[in-house]
Q: 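Just passing along the structure, written as structure tokens.
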There are 2 protein chains.
Amino acid sequence: MNHLEQLRYLILAAQREGNRVLQQELAPLGLTPAQSEALRILGENESLTLTGLGEMLVCESGTNPSRLVDRLVISGLVRRNPGSGDRRQIELSLTESGREMEVRVRAIEAQLYELMAGALPDPSVMDMIRALKTITAGSPSGIALTRRIGSATEVTKP
Amino acid sequence: MNHLEQLRYLILAAQREGNRVLQQELAPLGLTPAQSEALRILGENESLTLTGLGEMLVCESGTNPSRLVDRLVISGLVRRNPGSGDRRQIELSLTESGREMEVRVRAIEAQLYELMAGALPDPSVMDMIRALKTITAGSPSGIALTRRIGSATEVTKP
DNA sequence: TGTCATAAGATGACACAACATACAATCCGA
DNA sequence: TCGGATTGTATGTTGTGTCATCTTATGACA
């Protein structure tokens with residue numbers, strides 16, 4: 001098996017493992033990893049539209065996350081508000097319960113990152129980030145992530 | 001967004017992007033990436049059982065790939081043979097058409113690896129492999145990959 | 001040898017993930 | 001301003017991906 005093939009499968013395996021761990025921790029909250037990603041994004045961005053959310057989701061990049069939001073609405077974590085202005089749009093916002101859940105999600109993710117920090121030395125992390133950025137540059141998921149990072153730094157800026 | 005969070009999403013994005021490219025190339029053959037992985041494994045291992053195949057699949061690690069095989073059988077690429085010995089088992093083998101398809105899949109994967117080679121310098125690949133191995137060590141997908149690499153080297157050995 | 005735990009495979013259920021299509025609201029150019 | 005293109009959302013379809021459960025065959029042990 002050549003090195004690049006091995007790398008491809010290792011990336012798949014790492015993704016699966018991260019998801020598996022996250023899923024185990026999120027299950028008691030009745031959440032899936034995809035739902036938690038949406039919650040985090042909605043926690044950081046006030047009144048996104050459905051398309052706006054879809055453009056920041058790394059999972060489900062490309063299509064609109066209508067059904068993902070359906071389940072969050074059913075769970076009482078998200079509200080669909082009629083768009084101000086354009087009547088085709090909806091504006092998404094976290095409910096009170098959704099905001100509480102988002103805090104718990106953050107704590108669970110922090111646990112995962114501690115686990116990763118224990119397994120990976122810092123410089124190795126920076127190297128991987130650089131390499132993976134070149135791989136994903138220009139791809140739908142890569143663009144989604146860039147948009148998301150962009151919006152996150154906006155929030156932390158003064 | 002902290003570095004490990006970014007790494008987690010980059011791994012997800014890289015996996016999605018690899019899948020997307022592969023899917024585009026495989027679609028004309030009527031195959032999905034998961035199906036192509038199974039074909040490749042069955043091409044390298046004679047008369048695996050369903051569980052045996054499942055233990056080498058990085059995608060779908062954990063459960064048995066009964067339904068994945070269903071579709072390959074329907075497409076006429078794989079045969080389910082009654083197990084010799086244990087009557088609960090089935091033994092999987094590629095049909096003639098399956099063997100041809102597996103050759104074409106190999107060519108398509110080779111294209112993808114050329115694409116990756118163009119984007120990633122060699123030492124960076126080796127670094128990532130080392131880092132990702134530590135992340136996936138002991139996980140179901142990581143174990144599946146180890147098993148698969150093990151069986152592949154067996155084949156190329158004298 | 002009878003019985004009970006275990007293993008292989010199939011299948012039901014639910015949630016993605018990616019494609020396509022449908023429908024209504026908006027936009028834009030003649 | 002009218003009519004067609006475009007956009008935002010919803011939904012149908014197919015194929016995973018994961019968990020749970022079922023059936024049958026095997027194995028182990030009293």
Side-chain angles (χ1 to χ4, degrees), chain A residues 12-13 15-24 26-28 30-38 47-55 57-75 78 80-92 139-141 144, chain B residues 12-13 15-24 26-38 48-55 57-75 78 80-92 139-141 144:
Chain A
L12 176 56
Q15 189 271 321
R16 285 272 192 284
E17 175 61 6
N19 229 51
R20 197 183 61 82
V21 171
L22 207 54
Q23 179 174 339
Q24 269 185 351
L26 288 172
L31 284 180
T32 66
Q35 290 168 8
S36 77
E37 189 184 353
S47 41
L48 273 179
T49 66
L50 197 60
T51 308
L53 172 61
E55 284 172 345
L57 281 169
V58 179
C59 76
E60 199 126 351
S61 53
T63 39
N64 76 48
S66 178
R67 279 174 279 224
L68 180 56
V69 168
D70 273 354
R71 289 179 207 102
L72 292 171
V73 170
I74 290 172
S75 308
V78 168
R80 275 188 167 101
N81 308 306
S84 54
D86 193 328
R87 264 186 306 167
R88 287 171 305 180
Q89 294 182 344
I90 59 172
E91 278 170 10
L92 302 170
S139 78
S141 323
Chain B
L12 175 55
Q15 190 271 320
R16 284 267 192 289
E17 176 59 8
N19 228 51
R20 196 182 63 81
V21 171
L22 207 53
Q23 180 175 338
Q24 268 186 352
L26 288 171
L29 306 188
L31 283 180
T32 65
Q35 291 168 8
S36 77
E37 189 184 354
L48 273 179
T49 65
L50 197 60
T51 309
L53 172 61
E55 284 172 345
L57 282 169
V58 179
C59 77
E60 198 127 349
S61 53
T63 39
N64 76 47
S66 178
R67 277 173 282 223
L68 179 56
V69 168
D70 273 355
R71 290 182 205 98
L72 292 171
V73 170
I74 289 172
S75 309
V78 167
R80 277 190 166 100
N81 308 306
S84 54
D86 193 328
R87 264 185 306 165
R88 286 170 306 180
Q89 295 181 342
I90 59 172
E91 279 169 11
L92 302 169
S139 77
S141 324

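Naming: A, B, ... by sequence-line order, numbering from 1 per chain.
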Q: Measuring from A/D86:CG to A/T49:OG1, what's the distance to the nearest 0.5 Å?
A: 9.5 Å
Q: Just the rounded figure in Å: distance from P of C/dA17 to CD of B/E60.
A: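 Result: 14 Å.
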Q: Identify whether any heavy atom of A/G30 sits under 4.0 Å from a base atom; if not, whether one sits that close to sugar-phosphate; answer base, sugar-phosphate or nothing.
A: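 Nothing, no heavy atom under 4.0 Å.
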Q: Over how many whole Å does the gap from B/D86 atom CG to C/dT6 atom P extend?
A: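 From B/D86 CG to C/dT6 P: 17 Å.
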Q: How long is the span from the CD1 atom in A/I90 to the CG atom in A/L48, to the nearest 0.5 Å?
A: 10.5 Å
Q: B/T51 near the nucleic acid: base, sugar-phosphate alone, or nothing, with a heavy-atom cut-off under 4.0 Å?
A: sugar-phosphate
Q: Going 5' to 3' on DNA chain D, which nucleotide is the first and which the last to come under 4.0 Å of a heavy atom in chain A?
A: D/dT7 to D/dT18
Q: Which is more 5' along DNA chain C, the nucleotide nearest B/R16 or the one nearest B/R80? Just name the residue.
A: B/R80
Q: Between A/E91 and A/R20, just flag the one whose closest nucleotide in DNA chain D comes earlier from the 5' side.
A: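 On the 5' side of the pair lies A/E91.
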Q: Between P on C/dA10 and CG on B/D70, what's the gap in Å once rounded to a whole number?
A: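 B/D70 atom CG is separated from C/dA10 atom P by 7 Å.
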Q: Which is true for A/N64 with a 4.0 Å heavy-atom rule: it touches a base, it touches only sugar-phosphate, or it touches nothing?
A: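 Base, at least one base heavy atom under 4.0 Å.
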Q: Would you mind classifying the nucleic acid contact of B/G52 as base, sugar-phosphate or nothing, using non-hydrogen atoms under 4.0 angstrom?
A: nothing
Q: Could you tell me whether A/T32 contacts a base, only the sugar-phosphate backbone, or nothing, with contacts defined as non-hydrogen atoms closer than 4.0 Å?
A: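 If one applies the 4.0 Å heavy-atom cut-off, A/T32 turns out to touch the sugar-phosphate alone, with no base involved.
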Q: Checking A/E37 side chain against A/L57 main chain: does a donor-acceptor pair fall under 3.5 Å?
A: no
Q: Looking at CG of B/L68 and OG1 of B/T32, how far apart are the two atoms once the value is rounded to the nearest 0.5 Å?
A: 6.5 Å
Q: Rounded at 0.5 Å granularity, tell me how far OG in A/S139 sits from CZ in B/R16.
A: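 So the OG of A/S139 and the CZ of B/R16 are separated by 11.0 Å.
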Q: Heavy-atom nearest nucleotide on DNA chain C for B/Q89 versus B/R67: which residue maps closer to 5'?
A: B/Q89
Q: Please evaluate the base of C/dA7 for a donor-acceptor partner in the side chain of B/R88 within a cut-off of under 3.5 Å?
A: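 Yes.
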Q: Please report the distance, rounded to the nearest Å, between CG in A/L68 and C1' in C/dA15.
A: 9 Å
Q: Calculate the interatomic distance between A/I90 atom CD1 and C/dA25 atom P; express it in whole Å.
A: 15 Å
Q: Roughly how far, to the nearest 0.5 Å, is the CZ atom of B/R80 from the OG atom of B/S66?
A: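 The distance works out to 5.0 Å.
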Q: Nearest-Å distance, CG (B/L50) to C1' (C/dA7)?
A: 13 Å
Q: Take atom CG of B/N19 and atom C1' of C/dC19, then tell me their distance rounded to the nearest Å.
A: 14 Å
Q: In this structure, how many angstroms lie between the C1' atom of C/dT6 and the CZ atom of B/R87, rounded?
A: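 To the nearest whole Å, that distance equals 17 Å.
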Q: So, is A/Q35 close to the C/dC16 phosphate, meaning a side-chain N or O under 4.0 Å from OP1 or OP2?
A: yes
